[in-house]
> 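Just passing along the structure, written as structure tokens.
Positions are given from 1, in the same order as the sequence printed here.
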Amino acid sequence: MRQWRIIAKEAMTRASIIGKFLCLLHVTDAYVLSSNHVLGPSMLPTLNITGDVVLVEHLSHRLGKLGSGDLVLVRSPLDPKKTLTKRIVAMEGDKVTFSLDSTRSHNSRSLVVPKGHVWIQGDNLYVSRDSRHFGPLPYGLIEGKVFMRVWPPSSFGLWGE
């Protein structure tokens with residue numbers, strides 16, 4: 001009987017360590033740093049159509065440290081199950097002039113980005129579904145800021161290098 005207690009105690013200790021480790025992984029992935037596989041043509045030529053793996057930090061947007069030009073991971077306002085990687089083009093209070101049809105620049109609209117929102121666009125305007133289609137993005141849908149590309153190896157490095 002004593003041997004079973006020792007085994008049970010050891011099993012509980014190891015299960016506790018594994019549980020704590022998994023909690024740490026979850027917190028790190030959700031609130032500090034995560035990796036994301038980005039693919040598709042909307043961010044060409046910045047990102048590869050076949051896919052890049054990028055590191056996303058989840059602190060800047062919570063601290064209000066985002067600005068125009070930053071690449072961000074956002075929850076899609078059209079389909080909450082999807083995440084998008086786009087570039088912030090304008091912050092709240094900025095005036096934006098855009099065209100829904102990239103081939104017709106004479107048919108453009110202007111607006112001021114409302115408080116609590118940002119304007120995002122893909123780098124490849126011809127195929128990107130972005131703020132030109134769904135309007136200013138609520139700041140709360142931003143999940144993180146892309147700061148490093150880790151795959152493919154030929155493009156490895158901090159963002160902007």
> Please check this pair: side chain of Asp52 against backbone of Leu47, looking for a donor-acceptor N/O pair closer than 3.5 Å.
no
> Would you call Ile120 and Val74 a side-chain contact if the rule is heavy atoms closer than 4.5 Å?
yes
> Looking at side-chain heavy atoms only, is the closest gap between Leu84 and Arg129 below 4.5 Å?
no
> How are the rings of Tyr31 and His26 set to each other: parallel, tilted or perpendicular (split at 30° and 60°)?
perpendicular
> Transitively linked via ILVMFWY side-chain contacts under 4.5 Å: Leu25 with Ile18?
yes
> Could you check whether atom CD of Glu10 has more than 12 heavy atoms from other residues, nucleotides or ligands sitting under 6.0 Å from it?
yes
> Any chance you could measure Trp151, atom CH2, to Ser35, atom OG, to the nearest 0.5 Å?
13.0 Å
> Please report, to 0.1 Å, the donor-acceptor pairs under 3.5 Å made by any side chain of residues 62-69, with sequence neighbours excluded.
residue : atom : partner : partner atom : Å
Arg62   : NH1  : His58   : O            : 2.4
Ser68   : OG   : Val89   : O            : 3.3

> Test of understanding: clusters of I, L, V, M, F, W, Y form through side-chain heavy atoms closer than 4.5 Å, transitively. Do Met91 and Val96 belong to the same one?
no
> Are Val56 and Val38 co-members of a hydrophobic cluster defined by side-chain heavy atoms under 4.5 Å apart?
yes
> Salt bridge (charged side-chain N to carboxylate O under 4.0 Å, His left out), that's the test. Do Lys81 and Asp79 meet it? Break it down for me.
CA-CA 5 Å; Lys81 294 178 184 173; Asp79 183 359; 5.8 Å; no
> NE2 of His133 to CG of Leu78: how many Å apart, nearest 0.5 Å?
9.5 Å
> Please step through side chain to side chain contact (heavy atoms under 4.5 Å, CB included) for the pair Met43 and Leu71, ending with a clear verdict.
CA-CA 10 Å; Met43 287 303 294; Leu71 227 55; 3.3 Å; yes
> Begin from the C-alpha positions of Lys86 and Ser128 and carry the test side chain to side chain contact (heavy atoms under 4.5 Å, CB included) through to its verdict.
CA-CA 9 Å; Lys86 303 291 180 190; Ser128 181; 3.0 Å; yes
> Indicate yes or no for a side-chain donor-acceptor contact from Thr13 to the backbone of Lys9 under 3.5 Å, with no hydrogens or angles considered.
yes
> Considering all heavy atoms of both residues, which atom of Arg132 and which atom of Trp119 are nearest to each other, and what is their separation?
N-CZ2, 3.7 Å
> Output side-chain donor-acceptor pairs under 3.5 Å for residues 109-117, partner residues at least two apart or in another chain, one line each.
residue : atom : partner : partner atom : Å
Ser110  : OG   : Thr97   : OG1          : 2.9
His117  : ND1  : Lys115  : O            : 3.0

> Would you give the length of the straight line joining atom CG of Leu33 to atom CE of Met148, rounded to the nearest 0.5 angstrom?
9.5 Å
> Can you tell me how far apart CD1 (Ile49) and OG (Ser42) are? Round to the nearest 0.5 Å.
9.5 Å
> Name each donor-acceptor pair under 3.5 Å that joins a side chain in residues 134-145 to protein atoms two or more places apart or in another chain, with its distance.
residue : atom : partner : partner atom : Å
Tyr139  : OH   : His61   : O            : 3.4
Glu143  : OE2  : Arg75   : NE           : 2.9
Glu143  : OE2  : Arg75   : NH2          : 2.6

